[in-house]
Amino acid sequence: MSENQKTTRNYKDTVFLPSTTFPMRGGLPKKEPEIIARWKQLDLYKKLRKARKGREKFILHDGPPYANGNLHMGHALNKILKDVINRSQSMMGKDANYVPGWDCHGLPIEWKIEEQYRKKGKDKDEVPIEEFRQECRDFATHWMDVQSEEFQRLGVLGDWENPYYTMKFESEAIIAEEIGKFLMQGSLYRGSKPVMWSPVEKTALAEAEVEYSEHSSTTIFAKFKLVKCTIESLIGNYIIIWTTTPWTMPGNRALAYGKDIDYVAVTINQVSETSIAHEGQTIIVSEILLEDICSQCGISEYEVKTKLKGYELKGSIASHPMVKAGYDHSVLLLDGDYVTTEQGTGFVHIAPGHGPEDYELAHVKHGIEVPDTVNENGTLMEHLPHFSGLHVLRDNLKIAEIMAEHDGLIGIGKLIHSYPHSWRSHAPVIYRNTAQWFISMESDGLREYALSALAETSFYPTAGQRRLTSMIENRPDWCLSRQRAWGVPIPVFVDKKSGKPLQDQTVVDRIIDIFKKEGCDAWFTSPSSRFLGKDYDPGSYEKVNDIADVWFDSGSTHAFVLEKRKDLHSPADLYLEGSDQHRGWFHSSLLESSGTRFRAPYKGVLTHGFVLDEQGRKMSKSLGNVVNPQKIIQQSGADILRLWVVSSDYYDDLRIGAEILKRQTDHYRRIRNTLRYLLGALDGFDKLQPVSFDEMPELEKWVAARLFDLDITIRQKANIYDFHTIFTELHDFCNGDLSAFYFDIRKDMLYCDALDDPSRRAALTMMDMCFRSLVSWIAPILCFTADEAWLAYTGNNQDSIHLGEYQKIPLDWQNSDLIKKWSKVRSIRSDVTTALENARTDLKIGGSLQASVELSLPEEEVMLLSGIDLPTLFITSNAQIVNGNASQIKVEINLAVGDKCERCWKILPEVSTNDGICRRCNEVVTAMV
RNA sequence: AGGCGCGUAGCUCAGUUGGUUAGAGCGCACGACUGAUAAUCGUGAGGUCGGCAGUUCAAAUCUGCCCGUGCCUACCA
């Protein structure tokens with residue numbers, strides 16, 4: 001080798017640069033499906049069950065999504081969070097067995113099928129119910145398959161081959177069995193309440209099946225004579241009400257006043273020719289509405305007798321306008337906080353069978369019985385004198401005239417207003433009192449059991465407890481029945497004579513047996529005798545044709561999933577859903593379980609917020625701000641979405657949008673590159689001897705202490721489902737501790753020291769542990785990337801990081817003193833980098849290796865730095881303490897003296913006499929041969 | 001309209017029992033390196049802590065009102 005060749009020798013191939021097959025760019029959209037395929041081929045779910053066999057179980061019970069469409073961000077958030085929790089529990093050694101599920105029955109699916117019928121010009125009522133139900137079943141099956149694929153694409157690990165769903169025959173049977181429990185207890189009772197009813201279709205409607213359009217109504221001013229009142233002078237006066245639904249008058253049972261409204265008693269002195277009001281009578285109405293009423297009723301002269309406040313009418317009783325014509329019941333005056341003086345008379349007539357508010361005030365609050373007055377075809381019932389057979393929508397003028405004849409009115413009018421109509425027939429609908437099945441909150445102490453169960457449940461965040469508790473405290477009895485087709489029937493027979501439900505366990509058991517084998521379609525297709533057996537005459541019993549509220553279905557999942565599957569347990573460790581489920585699944589599950597098992601089906605409840613757009617607005621099609629999970633997965637990958645979940649405070653609402661996702665991608669790259677650097681550095685490490693902890697340099701011991709602390713934090717936070725903190729800790733560790741500090745300092749050693757140098761081996765030993773720890777810590781979050789990195793590390797494609805656990809960090813790695821010490825060291829280092837930056841700005845230096853650092857330090861800091869190699873710490877070519885007794889830290893930067901080592905690029909005096917490289921490099925290169 | 005929440009830098013979040021000039025990371029700007037290179041390192045600029053009023057020696061933190069926003073109810077005779 002000539003002199004010339006020597007000086008230009010390229011030392012690059014003598015430097016141990018990182019090398020790895022783990023690419024810098026993830027290419028997640030393409031890679032993730034491959035990883036999923038690998039998991040399937042490995043049968044990861046089952047393998048994990050085997051690996052965790054006998055371990056303590058952790059059961060996060062899946063709240064079933066509704067099987068009727070593609071996933072949206074809310075689904076993604078929910079399932080990712082569940083998966084992160086399950087995987088982290090698994091990493092902590094538990095058998096976290098996750099069984100996903102679906103909710104299949106219910107109105108939205110029923111509608112879809114109906115809609116298809118309408119398109120074909122078919123009528124739902126002409127189709128046999130079993131055929132209709134089969135189509136609903138097929139529809140739900142289709143969407144379960146679609147959603148299952150979509151969930152798995154998010155990386156969610158669970159028993160996808162054997163999920164639960166509410167329309168499975170066994171599920172349906174057990175739902176029926178649970179209803180049977182309430183039946184046998186006696187807390188299931190038949191009552192009634194007003195529901196939206198279409199007289200044309202003769203069916204109950206849901207709120208969402210109703211559309212509002214213009215309708216012309218006959219209005220009446222009806223008069224109720226006061227028969228009892230604390231203000232005696234008012235007795236005999238008439239309370240006036242105004243209504244747009246004269247047909248509800250036979251069902252009137254009360255009047256509502258506003259306690260703070262000003263009323264006046266007014267004597268009518270003169271009326272117009274056409275008026276039906278009577279001179280000399282005294283009426284009571286709202287003061288500010290008086291003029292308006294008088295003009296509408298043709299009252300031309302009047303005289304105010306008394307002024308009063310609403311509350312003075314408390315306890316008063318009036319008589320019905322038709323009191324002498326068969327309507328001689330008492331009409332109570334009640335305080336209604338919803339009464340306004342915007343229109344009408346300031347009094348509201350209450351027909352408990354014809355409005356939810358009427359029902360609530362009269363029946364629920366005051367126990368007034370709800371009369372049946374309207375047939376299912378919309379005609380008034382036979383037992384109603386004078387009105388029998390009249391139609392509630394067509395005959396209102398007639399009804400008004402009859403009332404006027406009986407001197408029950410002071411005015412008749414007309415109003416065009418917005419009124420509910422049936423979505424299907426576009427015909428007006430009414431509220432109609434309808435027989436319904438209820439579960440009593442009181443009769444068997446359900447409310448008490450539920451409340452005490454809540455007190456024993458852990459809530460994340462704690463606010464959920466208050467919210468649910470106040471709902472349970474205030475809610476009315478559970479209305480279980482729906483007049484619908486697609487659901488689990490209420491498996492009850494009613495004794496036609498007594499009107500009481502049949503309570504016989506053998507009948508219930510028989511029903512359940514049949515449902516288990518054939519599904520609950522049998523209820524609609526089999527004769528009653530099949531269920532009743534020989535002991536009862538089918539002719540004497542009415543089979544209930546209502547189905548159960550779908551919330552009862554999902555409220556029973558603990559019974560047919562948690563209790564029935566041997567690989568699960570009840571109560572679950574955790575239920576986790578969006579905050580809307582306080583009113584939904586958390587609520588219904590609690591009631592169902594409290595009523596039958598006297599405890600909650602869960603030990604903990606976690607609620608997350610809703611997904612909003614980047615400005616914090618709700619997502620809607622009309623705003624055009626909807627973000628689809630499918631699109632994000634396609635563009636960036638599911639790991640990015642998963643990172644978004646844990647980087648957010650999911651107890652509150654979460655925002656998502658272009659910038660937020662960009663930030664996640666940035667964070668992802670940082671973590672990925674940290675893994676990549678470790679993998680590169682560790683290339684070939686397995687051939688070298690690891691170094692025992694005691695023999696490691698202090699810097700490595702500091703890394704060990706950081707790992708120890710992180711391990712503690714991560715386990716603690718994972719146990720309270722606080723992944724946001726975990727994410728922050730991990731990111732800062734990769735970013736601040738490793739990349740910007742430890743790696744940067746150790747590069748020289750890693751690249752330039754002899755391959756088997758003890759210090760270098762010590763660094764690699766610690767880096768190996770860093771990698772193993774880091775990859776297991778991110779595994780629950782970045783499940784794909786962790787898997788990929790682990791595969792690059794082990795080279796064993798029959799293994800997966802997800803079968804493993806968090807690393808066990810040795811106890812003697814804990815060292816809070818070292819953490820404190822190096823925090824101070826880094827503070828001095830920061831002063832140096834600032835000084836270096838200033839020198840750079842002054843064009844004194846470029847790279848830090850060009851610099852020589854002169855430090856003036858107080859004694860304390862000198863002690864701190866003793867034993868630490870300063871050029872290594874600062875990544876400069878030279879550094880020394882020039883004054884060890886200074887009052888404050890002072891840093892001076894000079895150009896390093898000497899020539900640049902061709903191999904390690906440090907500037908050292910020895911280089912010129914050493915063939916262009918430094919002493920250390922010379923030794924290493926010579927030894928290589 | 002009612003019940004329960006939320007509102008700290010462009011973004012995501014910390015801010016312990018009220019106590020010095022309100023923190024972090026990202027992004028941004030500027031610079032260095034070119035042996036983590038569609039990487040990496042450094043420095044820096046960004047906040048009347050939703051608004052107003054009050055309690056206090058002292059408020060992002062406690063109280064009241066208001067505004068914005070989300071979930072759940074109720075939207076009617």
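So you know, we letter chains A, B, ... as the sequences are listed, proteins then strands, and number each from 1.
The C1' atoms of U21(B) and U17(B) are separated by 23 Å, rounded to the nearest whole Å. Across C65(B) and G46(B), the matching P atoms stand 37 Å from one another, rounded to whole Å. Comparing the C1' positions of G23(B) and U63(B) gives a spacing of 27 Å, expressed to the nearest Å. Taking atom P on both G15(B) and U56(B), the two are 29 Å apart, rounded to the nearest angstrom. Nucleotides A24(B) and A9(B) are separated by 12 Å at their C1' atoms, to the nearest Å. Here, A45(B) and G64(B) have their P atoms 39 Å apart, quoted to the whole Å. Only the C1' atoms considered, C62(B) is 16 Å distant from C49(B), to the nearest whole Å. Distance check on atom P: G27(B) versus U12(B) gives 15 Å, rounded to whole Å.
At distances below 3.5 Å, at least one donor-acceptor pair connects side-chain atoms of Gln850(A) with backbone N or O atoms of Gly846(A). At distances below 3.5 Å, at least one donor-acceptor pair connects side-chain atoms of Thr243(A) with backbone N or O atoms of Thr245(A).
The residue among Ser647(A) and Val348(A) whose nearest nucleotide of RNA chain B lies closer to the 5′ end is Ser647(A). Residue order along RNA chain B, read from the 5' end via each residue's closest nucleotide, puts Tyr651(A) first among Tyr651(A) and Met471(A).
Taking the six-membered ring for Trp and the full ring otherwise, the centers of Tyr257(A) and Tyr263(A) sit at least 6.0 Å from each other. For His354(A) and Tyr359(A), the distance between ring centers is not under 6.0 angstrom.
Tyr651(A) is linked by a side-chain hydrogen bond (donor to acceptor under 3.5 Å, both in side chains) to nothing, counting only residues two or more places apart in sequence or in another chain.
If you take NZ of Lys618(A) and C1' of C71(B), they are 9 Å apart, rounded to a whole angstrom. To the nearest angstrom, P of C4(B) lies 14 Å from CG of Leu468(A). In this entry the distance linking NE2 of His667(A) with P of C13(B) reads 11 Å, nearest Å. G70(B) atom P lies 12 Å from atom CZ of Phe610(A), rounded to whole Å. In this entry the distance linking OH of Tyr419(A) with C1' of C75(B) reads 16 Å, nearest Å. Whole-Å rounding puts the Met249(A) CE to A77(B) C1' distance at 11 Å. Taking atom CZ of Arg467(A) as the reference point, atom P of C71(B) lies 10 Å away to the nearest angstrom. We find that NE2 of His215(A) is positioned 14 Å from C1' of A77(B), with the value rounded to whole Å.
Under the 30°/60° scheme for interplanar angles, the aromatic rings of Phe727(A) and His724(A) are found to be tilted. Ring planes of Tyr419(A) and His421(A): perpendicular class, angle over 60° (limits at 30 and 60°). Phe224(A) and His320(A) have perpendicular rings, their planes meeting at more than 60° on a 0 to 90° scale where under 30° would count as parallel.
Nucleic acid contact class of Gly680(A) (heavy atoms, under 4.0 Å, all strands): none. Contact annotation for Phe743(A): base contact, defined as any heavy-atom pair under 4.0 Å involving a base atom. Gly344(A) comes within 4.0 angstrom of no nucleic acid atom, judged by non-hydrogen atoms across all strands. As judged by a 4.0 angstrom heavy-atom cut-off over every strand, Thr728(A) is placed among residues making no nucleic acid contact. Using a 4.0 Å heavy-atom criterion, one finds that Trp905(A) contacts the bases of the nucleic acid, with or without backbone contacts as well. Here Arg663(A) lies in heavy-atom contact (under 4.0 Å) with a base.
Listed candidates were C13(B), C71(B), G10(B). Nearest to the side chain of Asp649(A) is C13(B). The side chain of Lys12(A) approaches G35(B) more closely than any other nucleotide in the set G27(B), C13(B), G35(B). Here the side chain of Pro18(A) is nearest to one of C13(B), A36(B), G25(B), namely A36(B).
Pair check for C71(B) finds G3(B); Watson-Crick or G-U wobble, both atom distances under 3.5 Å. In this structure, G35(B) forms no base pair with any nucleotide, since neither Watson-Crick nor G-U wobble geometry is met with both distances under 3.5 Å. Under the Watson-Crick or G-U wobble criterion, with both distances below 3.5 Å, A77(B) is left unpaired in every strand shown. With a cut-off of 3.5 Å on both pairing distances, the Watson-Crick or G-U wobble partner of C57(B) is G19(B). Pairing of G25(B), defined by two Watson-Crick or G-U wobble distances under 3.5 Å, is identified with C11(B). Pair assignment for G64(B) gives C52(B), based on Watson-Crick or G-U wobble hydrogen-bonding distances that are each under 3.5 Å.
Contact check on Lys662(A) versus Glu659(A) returns no salt bridge, with no Lys/Arg side-chain nitrogen under 4.0 Å from an Asp/Glu carboxylate oxygen.
With centres under 5.5 Å and a plane angle under 30° as the test, the ring of Phe16(A) is not stacked against the base of G35(B).
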How does protein reach along nucleotides 38-45 of chain B, written 5' to 3' as B (base within reach of a heavy atom under 4.0 Å), S (only sugar-phosphate), or - (no contact)? BSSSBS--

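In textbook terms, a nucleotide whose glycosidic angle is within 90° of 0 is syn, and G46(B) is one such case.
For the pair Arg826(A) and Phe741(A), the cation-pi criterion (under 6.0 Å, within 45° of the ring axis) is fulfilled.
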